Amino acid sequence: MSDEITAAEEASASGNFIDSFIEEDIAPGGRFEGEKVHTRFPPEPNGYLHIGHAKAICIDFGTAEKFGGIANLRMDDTNPTKEDTEYVDAIQEDIKWLGFTWDDRFYYASDYFPKMYEFAENLIQQGLAYVCELDPEQMKENRGDLTRPAVSPYRDRPVEESLDLFRRMKNGEFEDGKMTLRAKIDLASGNFNLRDPVIYRINHMTHHRTGETWCIYPMYDYAHPIEDALEGITHSLCSLEFEDHRPLYDWVINHINLPAKPRQIEFARLGINNTVMSKRKLRTLVENNYVSGWDDPRMPTLCGLRRRGYTPASIRNFCERIGVAKVNSTVEYSFLEHCLREDLNLNAERTMAVLEPVKLILTNYPENKTEDFEVENNPERPEQGTRTVSFSRELWIEKEDFMEEPVKGYFRLFPGNEVRLKTSYIIRCTGCKKDNNGNVTEVYAEYDPATRGGNTPDGRKIKGTIHWTDAKTAADAEVRLYDSLFTVPDPEAGDFLEELNPDSLKVLTGCKVEPALVNADSSKSFQFMRQGYFCMDNRDSTPEHPVFNRSVSLKDGFKKK
RNA sequence: UGGGCUGUAGCCAAGGGGUAAGGCAACGGACUUUGACUCCGUCAUUCCGUAGGUUCAAAUCCUGCCAGCCCAGCCA
């Protein structure tokens, strides 16, 4: 009892409108007084889940959790023309990855086909549905318009005739498109969804689960409320474009004898700037090989983000913090990145790494000497332990950590300047060597033996600390870099297909991917972080062939004063 | 032109009659063995889409207007 009060209080504290509705519903005198909150996430298995779905998942599962209720996972597979088991598996994997569980409450809309059929016959018998013989073109012509009502010459067909026709539809006596079952509601409604909507269509096709058993399939508007009700859903949360469908949802609930009367509540779907979120467009990218697959790191799919280095926690936190409302909103991509950084900063193991190497030679360090240093894996979390890195006369450092002629405000390596090699020594730059083209090939410096461990016993201040790897022991690894590009035009603008070319791909997905070579101080860790870079775990990684991603979301370089 | 929904800062977003939370971004500064992180400060001097009205008092209530989004699939 006290738990329920706490749940309600928490909900009200977090304060989104869905929570408020549910609170009213479960409160004394409410529509679902005393009932356990029960939600569902009902994807159609026709594509991979993307960050937009993550919002819905967090709302569906999160809301149930908040109220001490439960959530189902249901494949909304009522249209065999687009669906495939590949997606069924991927969807489950991605939701699990996000950290949500549905226990044994995993369902398919197709499991309810027999019941839906019975209910449909019942509707016909009640005089609430009829078989219509308008073909798609005629149906369109007879749809009416904003001010004119729709018409159907078959509307007043006798019940027995509709029943007979409907049964023959089911038995496969008619071709696709020949006839439909329509709900008899209101041909003059200002809401087109109520103009005698089609609730069953003929489709001679192999369904990924029911095979050839059916050749008629229920439409979403008819099927969804039934699915929800049969599962005992209390709150059917969906996106804003279904607001117009709610009257139909309620119509179905009210005219069929169902075990529950779920309430549909709509919320705004997620938009992120410079990010393609349309399933259709993402599919186009995949099918035409513009990307390597649904899990290409440039894709905003959950599996793509996973390869880009996003953590489940960061995505869940993002969804939590963007809030839930009914305004169409476009969240800035930088906010997603912020949520990632926050998580990574706290939890990621660091590894020093050099992406674009230049050799550093410590001219006063013995030729054959090698020292070991213990480095913390995560300064924020000492309990994550340390690793050993070797150090010797020749090291790799980042090209951009040296400037022969420093610009104003630069405080890393330049002739005469002191810099700390993280955890090892303070060094002073003495010069460099260049090739015929003027490119720096070697940087020279002298180390200060008194500063072992990077300490400054004399208390002198060292402004710059740079990463390095031992040239003798550093492990090479292939890296994929991705850069977020925000100076690009709106990817949604213009003709999508026309704009599609390899060069514009970065525009479409907000980032580009480039291969690069990295040498890191540790081959066991696939996560490292340094100034300006986030390099993270990647599914493609193997100990022999690690792959990192770099995010440029941190402030790169330095600020000029 | 019919129906549905929405307008609070550059971007999200609380607040539902009593004098505009928070986060992101941005900009200052401190600190720092990652130019990161962290910390401090500045960011709607009652233009909360707009015009009126009610009220001692309105972002909150009322009316009109304006703007944006969704709907005429046998998609979901």
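Small disclaimer: the values here were computed from a predicted structure and weren't measured. Chain letters run A, B, ... following the sequence lines, proteins first and then strands; every chain starts at 1.
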Q: Using only side-chain N and O atoms of A:His338, determine if any of them is under 4.0 Å from OP1 or OP2 of B:C24.
A: yes
Q: Is there a side-chain polar atom (N or O) of A:Arg148 under 4.0 Å from OP1 or OP2 of B:G3?
A: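 No, outside the criterion.
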Q: Distance between the P atoms of B:G23 and B:G3, in whole angstroms?
A: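 Roughly 43 Å separates the two P atoms.
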Q: What integer distance in Å separates A:Lys463:NZ from B:A36:C1'?
A: 14 Å
Q: Quick check on B:C75: is either OP1 or OP2 less than 4.0 Å from any side-chain nitrogen or oxygen of A:Thr78?
A: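 Negative; the distance criterion is not met.
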Q: So A:Thr330, base contact, sugar-phosphate only, or nothing? Heavy-atom distance under 4.0 Å.
A: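 Sugar-phosphate, no base atom in range.
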Q: Using a heavy-atom cut-off of under 4.0 Å over every strand shown, decide if A:Asn455 touches base, sugar-phosphate, or nothing.
A: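 Base contact.
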Q: Could you check A:Glu376 against A:Thr386 for side-chain hydrogen bond (donor to acceptor under 3.5 Å, both in side chains), going step by step and ending with a plain yes or no?
A: CA-CA 4 Å; A:Glu376 71 243 301; A:Thr386 61; over 6 Å; no
Q: Classify A:Asn328 by what it touches in the nucleic acid, base, sugar-phosphate, or nothing, heavy-atom distance under 4.0 Å.
A: sugar-phosphate
Q: When rounded to the nearest Å, what value does the distance between C1' atoms of B:C48 and B:C61 take?
A: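 Per the computed distance, 16 Å lies between those C1' atoms.
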Q: When the nearest nucleotide of RNA chain B is assigned to A:Val331 and to A:Asn193 on a heavy-atom basis, which residue is associated with the more 5' position?
A: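 With A:Val331 and A:Asn193 compared, the 5'-side residue is A:Val331.
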Q: Using the C1' atom as the point on both nucleotides, what is the distance between B:C69 and B:G49, in whole Å?
A: 15 Å
Q: Just to be sure I understand the rule, does A:Asp145 reach a base, reach only the sugar-phosphate, or reach nothing, if contact means heavy atoms closer than 4.0 Å?
A: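 Base, at least one base heavy atom under 4.0 Å.
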Q: For A:Val324, which contact category applies under a 4.0 Å heavy-atom criterion: base, sugar-phosphate, or nothing?
A: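 Result for A:Val324 = sugar-phosphate.
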Q: Return the value, rounded to whole Å, for the distance between atom CD1 of A:Ile272 and atom P of B:C12.
A: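 Interatomic distance, CD1 of A:Ile272 to P of B:C12: 12 Å.
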Q: Among the candidates B:G35, B:A13, B:C69, find the nucleotide nearest to the side-chain atoms of A:Ala325.
A: B:A13
Q: Hey, which sits more toward the 5' end of RNA chain B by its nearest nucleotide, A:Ser329 or A:Thr180?
A: A:Ser329
Q: Can you classify the ring geometry of A:His224 versus A:Tyr249 as parallel (below 30°), tilted (30 to 60°) or perpendicular (above 60°)?
A: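 Rings of A:His224 and A:Tyr249: tilted, 30 to 60°.
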Q: B:C74, OP1 or OP2 - any side-chain N/O from A:Arg143 closer than 4.0 Å?
A: yes
Q: If only side-chain N and O atoms count, and only distance matters, is there a donor-acceptor pair under 3.5 Å linking A:Tyr425 with A:Glu371?
A: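 Checked: A:Glu371/A:Tyr425 side chains pair up, N/O donor to acceptor below 3.5 Å.
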Q: Between B:G2, B:C74, B:C11, which one does the side chain of A:Phe192 approach most closely?
A: B:G2
Q: For A:Leu336 and B:A25, give me the distance from atom CG to atom P, rounded to whole Å.
A: 12 Å
Q: Does A:Phe335 reach a base, just sugar-phosphate, or nothing at all? Heavy atoms under 4.0 Å.
A: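 It contacts sugar-phosphate atoms only.
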Q: Which value, in whole Å, describes the distance between the C1' atoms of nucleotides B:A9 and B:C71?
A: 32 Å
Q: Rounded to whole angstrom, note down the P distance from B:G52 over to B:A20.
A: 22 Å
Q: Calculate the interatomic distance between A:Leu49 atom CG and B:A76 atom C1'; express it in whole Å.
A: 14 Å
Q: For a quick check, tell me whether the side chain of A:His245 and the base of B:A76 share a donor-acceptor pair closer than 3.5 Å.
A: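 By the distance-only test, yes, there is a pair.
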Q: Whether A:Glu121 and A:Lys170 form a salt bridge (side-chain N of Lys/Arg under 4.0 Å from carboxylate O of Asp/Glu) is what I want to check.
A: no
Q: B:G4, B:C75, B:A36: which one has an atom nearest the side-chain heavy atoms of A:Glu243?
A: B:G4
Q: How far does the C1' atom of B:U55 sit from the matching atom of B:U60, given to the nearest Å?
A: 13 Å
Q: Report yes or no: is the cationic atom of A:Arg195 (NZ for Lys, CZ for Arg) closer than 6.0 Å to the six-membered ring centre of A:Phe192, at no more than 45° off its axis?
A: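 Yes, a cation-pi geometry holds between A:Arg195 and A:Phe192.
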Q: Using atom P of each nucleotide, how far apart are B:A59 and B:U8 to the nearest Å?
A: 15 Å
Q: Roughly, in whole Å, what's the span from NZ in A:Lys326 to C1' in B:U6?
A: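 That distance rounds to 9 Å.
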Q: Does A:Arg263 count as lying over the ring of A:Phe21, i.e. NZ or CZ under 6.0 Å from the six-ring centre, within 45 degrees of the axis?
A: yes
Q: Indicate, with a heavy-atom threshold strictly under 4.0 Å, whether A:Tyr217 touches base, sugar-phosphate, or nothing.
A: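 The residue A:Tyr217 makes no contact with any strand.
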Q: Are A:Arg209 and A:Tyr108 in a cation-pi contact, defined as NZ or CZ under 6.0 Å from the six-membered ring centre and within 45° of the axis?
A: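 Positive - A:Arg209 is close enough to the ring of A:Tyr108 and near enough to its axis.
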Q: Expressed as a whole number of angstroms, how long is the span from A:Lys55:NZ to B:C12:P?
A: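 Spelled out: NZ on A:Lys55 to P on B:C12 is 11 Å.
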Q: Roughly how many Å is it from CG in A:Asn191 to P in B:C5, rounded to a whole number?
A: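 Whole-Å distance recorded here is 10 Å.
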Q: What is the nucleic acid contact for A:Thr423, judged by heavy atoms within less than 4.0 Å: base, sugar-phosphate only, or nothing?
A: base
Q: From C-beta outward on A:Tyr410, which listed nucleotide comes closest to its side chain: B:G35, B:C37, B:C24?
A: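 For A:Tyr410, the side-chain atoms sit closest to B:G35.
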Q: By nearest atom, which of the nucleotides B:G10, B:U34, B:A13 is closest to the A:Val327 side chain?
A: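 The answer is B:A13.
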Q: With P as the reference atom in both, quote the distance from B:G53 to B:U45 in angstrom, rounded to an integer.
A: 23 Å
Q: Let's see if you can work this out: which of B:G2, B:G35, B:A76 has an atom nearest to the side-chain heavy atoms of A:Phe242?
A: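 The listed nucleotide nearest to A:Phe242's side chain is B:A76.
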Q: Could you tell me how far apart A:Lys140 (NZ) and B:A72 (P) are, to the nearest whole angstrom?
A: 10 Å
Q: May I ask you to decide if the ring planes of A:Tyr117 and A:Tyr200 are parallel, tilted or perpendicular, using 30° and 60° as cut-offs?
A: perpendicular
Q: Does the side chain of A:Arg321 get closer than 4.0 angstrom to OP1 or OP2 of B:A14 through an N or O atom?
A: no
